[in-house]
Amino acid sequence: MNNLAIYTKELTRLYKTRALRKKERVVQALAGVDLTVNRGELFGLLGPNGAGKTTLIKILTTLLSPTSGEAFVLGLDVMRDYRRIRPLINMVAGGEYTGYGLLTVRENLWMFGQFYGLDLKTTLNRIDELLRVVNLSDKANTKISNLSTGMRQKMNFVRGFLTDPQVIFLDEPTLGLDVGAARDVRRHIKDWTHQSGKTTLLTTHYMAEADELCDRVAIIDKGSVLACDSPAALKHQYQQGAIFDIRLSGQPSPSELDHIKETQGVKSLTSALQDGQTELRITLDQESAIGPVVSSLTANDVSILKLSKCEPTLEDVFVGLVGRGLGDEGEDRDGNEE
Ligand SMILES: Nc1ncnc2c1ncn2[C@@H]1O[C@H](COP(=O)(O)OP(=O)(O)OP(=O)(O)O)[C@@H](O)[C@H]1O
Ligand SMILES: [Mg+2]
């Protein structure tokens with residue numbers, strides 16, 4: 001266990017809440033999570049809202065106690081050895097509001113460096129270097145109360161890497177960043193982890209982000225890990241049959257779509273209307289089932305503009321495991337009546 005960056009065994013966390021004049025409710029945010037993350041790994045937790053990702057990160061960063069089970073970071077127990085863990089790790093959460101508004105970006109970052117006992121020269125060098133990474137150098141002397149949301153997020157990102165931690169926890173690191181900034185941040189996460197041999201655990205809703213960045217991904221839903229492997233292995237393992245994207249002129253009627261869904265060999269079908277054209281994504285038991293689908297489509301009053309076979313994405317893996325898309329609402333786990 002000492003050679004692992006993160007190890008959890010049957011980790012469980014319940015939250016008890018009581019609204020005014022209502023019975024106490026218990027939410028199971030983590031339901032027996034077993035996880036191992038190797039040192040030097042870039043590991044992703046992928047799951048919908050409320051899956052338990054932040055709860056897991058809070059326990060691993062010693063901010064929250066587990067209800068039961070075990071959790072170790074760098075071989076240290078999060079409950080017993082939290083004082084030894086804290087100097088070795090750092091955490092950035094998307095949308096967090098840290099720092100003093102009256103201090104400038106550089107002053108705030110220097111202050112955080114002081115909390116970790118960094119020497120002045122190292123601190124200032126790293127601040128300059130990291131501000132360049134996120135393209136924020138021109139705001140170094142701006143008070144942080146005058147930053148936009150995205151700029152603040154960039155500063156938080158710098159704060160996380162400033163201490164060059166052994167393990168960094170990033171809870172939705174690209175939240176609120178524009179496309180270019182998100183790309184810079186992703187590139188830095190990848191380079192830092194792979195060049196330094198240190199460990200990154202990040203959470204994200206973005207399938208493409210998890211796919212592009214992570215050495216391994218745990219798909220988590222309702223407090224449980226449903227699958228854990230490299231993105232390529234996950235896609236391979238859950239690749240059943242064949243997936244086709246079909247673009248149609250016009251819009252098939254609901255009954256026509258139902259008819260296609262019932263065609264032998266069709267496992268699932270999603271459709272979306274875009275610019276007067278229809279995009280279908282069809283999962284088949286086997287590739288040959290595409291023949292009857294094409295026949296029934298062309299028998300109707302639509303023509304096929306494009307038909308392509310696709311590689312499965314992590315989204316397809318997620319739908320296969322959970323039975324719904326990542327963006328779709330799950331059932332309410334805490335019995336909320338509102
Ligand atoms: N402080 C709290 N008190 C009560 N319930 C909580 C608390 N924090 C989280 N929960 C509940 O625990 C469950 C897991 O929440 P968590 O924040 O860990 O999810 P998440 O995967 O980070 O979601 P998101 O993608 O929205 O950030 C949810 O049902 C949530 O309502
Ligand atoms: Mg969260």
Side-chain angles (χ1 to χ4, degrees), residues 42 44 53-54 57-58 60-63 73 82-83 85-206 208-209 212-214:
L42 208 174
K53 305 179 297 294
T54 299
I57 284 205
K58 282 188 178 165
L60 294 171
T61 51
T62 78
L63 299 173
V73 174
Y82 60 92
R83 283 179 192 278
I85 294 176
R86 287 178 187 170
L88 303 174
I89 63 171
N90 210 332
M91 174 190 177
V92 181
E96 72 179 76
Y97 213 67
T98 49
Y100 289 104
L102 285 176
L103 299 182
T104 66
V105 168
R106 186 179 271 117
E107 287 164 347
N108 265 292
L109 290 168
W110 168 83
M111 180 182 74
F112 283 111
Q114 290 290 293
F115 292 164
Y116 276 77
L118 287 187
D119 70 76
L120 185 65
K121 192 159 168 261
T122 310
T123 312
L124 295 179
N125 285 343
R126 283 197 195 146
I127 290 174
D128 285 344
E129 189 187 319
L130 287 163
L131 286 176
R132 267 199 300 278
V133 166
V134 293
N135 205 6
L136 199 67
S137 306
D138 59 337
K139 300 288 177 205
N141 298 316
T142 302
K143 285 183 188 158
I144 66 167
S145 53
N146 297 343
L147 296 180
S148 72
T149 314
M151 291 170 188
R152 234 185 143 110
Q153 176 62 11
K154 290 180 181 183
M155 186 196 76
N156 290 335
F157 186 79
V158 173
R159 178 185 55 63
F161 283 92
L162 185 60
T163 59
D164 202 25
Q166 294 297 316
V167 184
I168 193 157
F169 295 89
L170 303 172
D171 197 358
E172 299 180 40
T174 55
L175 192 77
L177 295 182
D178 63 44
V179 177
R183 195 185 324 118
D184 294 341
V185 159
R186 282 199 289 268
R187 189 179 304 128
H188 182 74
I189 295 171
K190 210 167 182 170
D191 291 349
W192 180 85
T193 314
H194 292 148
Q195 286 164 15
S196 67
K198 302 206 170 141
T199 310
T200 299
L201 183 132
L202 64 85
T203 76
T204 183
H205 302 119
Y206 307 127
E209 185 165 281
E212 176 197 333
L213 272 185
C214 299

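Here the straight-line distance linking atom CG of Leu131 with atom CD of Glu129 works out to 10.0 Å at 0.5 Å rounding. Put simply, CZ on Arg159 and CZ on Arg152 are 10.5 Å apart, with the number rounded to the nearest 0.5 Å. Taking OG1 of Thr193 as the start and CD of Gln195 as the end, the distance is 9.5 Å to the nearest 0.5 Å. A distance of 10.5 Å separates CE in Met91 from CD1 in Ile168, rounded to the nearest 0.5 Å. Note that NZ of Lys154 and CG of Leu136 are 6.0 Å apart. Values are rounded to the nearest 0.5 Å.
Here the side chains of Arg183 and Val179 are in contact, with some heavy-atom distance below 4.5 Å. Taking the side chain as every heavy atom from C-beta outward, Leu202 and Leu42 approach each other to under 4.5 Å. For the pair Leu170 and Val185, the minimum side-chain heavy-atom distance is 4.5 Å or more. Counting heavy atoms from C-beta outward, Leu130 and His188 have side chains that approach closer than 4.5 Å. With a 4.5 Å cut-off on side-chain heavy atoms, Asn108 and Tyr100 count as touching. Between Asp128 and Arg106, some side-chain heavy-atom pair lies under the 4.5 Å cut-off. Residues Val167 and Leu88 fail the side-chain proximity criterion, which asks for heavy atoms closer than 4.5 Å. Counting heavy atoms from C-beta outward, Leu147 and Thr142 have side chains that approach closer than 4.5 Å.
In terms of modelled atom types and a separation under 3.5 Å, the side chain of Lys190 and the main chain of Glu212 share a donor-acceptor contact. Between the side chain of Gln166 and the main chain of Thr199, no donor-acceptor pair closer than 3.5 Å is present. Using a distance-only test at 3.5 Å, with no hydrogens or angles considered, no donor-acceptor pair links the side chain of Lys139 to the main chain of Val105. Under the 3.5 Å distance criterion, the side-chain polar atoms of Asp184 are left unmatched by any main-chain donor or acceptor of Asn135. Judged by distance alone, with hydrogens and angles left aside, the side-chain atoms of Glu96 form a donor-acceptor pair with the main-chain N or O of Ala93 at under 3.5 Å. Although no hydrogens or angles enter the test, the distance criterion places a donor-acceptor pair under 3.5 Å between the side chain of Thr104 and the main chain of Glu107.
For the pair Pro173 and Thr203, the tightest heavy-atom approach, listed with the atom from each and the gap, is CD-O, 3.6 Å. For Gly160 against Pro165, the heavy-atom pair with the smallest separation is O-CD, 3.6 Å.
A distance below 6.0 Å separates the ring centres of Phe157 and Phe161.
For the pairing with Thr163, the side chain to side chain donor-acceptor pair (under 3.5 Å) check across Asn90, Thr122, Thr123 returns one residue only, Asn90. Remark: of the listed residues Ile57, Thr61, Asp171, Val73, Ile57 is the sole one forming a side chain to side chain contact (heavy atoms under 4.5 Å, CB included) with Leu201.
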**Request:** Would you please test Arg186 and Thr174 for side chain to side chain contact (heavy atoms under 4.5 Å, CB included) and show each step?
**Result:** CA-CA 8 Å; Arg186 282 199 289 268; Thr174 55; 4.2 Å; yes

**Message:** Under the criterion side chain to side chain contact (heavy atoms under 4.5 Å, CB included), I'd like the reasoning laid out for His205 against Lys53: C-alpha separation, chi angles, the key distance, then a yes or no.
**Reply:** CA-CA 10 Å; His205 302 119; Lys53 305 179 297 294; 3.9 Å; yes

**Chi angles and distances behind the side chain to side chain contact (heavy atoms under 4.5 Å, CB included) call for Ile89, Leu60** = CA-CA 10 Å; Ile89 63 171; Leu60 294 171; over 6 Å; no

**Prompt:** Where do Leu103 and Ile144 land on the side chain to side chain contact (heavy atoms under 4.5 Å, CB included) test, with the steps shown first?
**Reply:** CA-CA 6 Å; Leu103 299 182; Ile144 66 167; 5.9 Å; no

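For Trp192, the CH2 atom counts as densely surrounded, since its 6.0 Å shell holds more than 12 non-hydrogen atoms of other residues, nucleotides or ligands. In this structure, Leu102 places its CG atom where only 12 or fewer heavy-atom neighbours from other residues, nucleotides or ligands lie under 6.0 Å away.
Residues meeting the side-chain hydrogen bond (donor to acceptor under 3.5 Å, both in side chains) test with Arg126, sequence neighbours left out: none. Residues passing the salt bridge (Lys or Arg N to Asp or Glu O under 4.0 Å) test with Lys58, sequence neighbours excluded: none.
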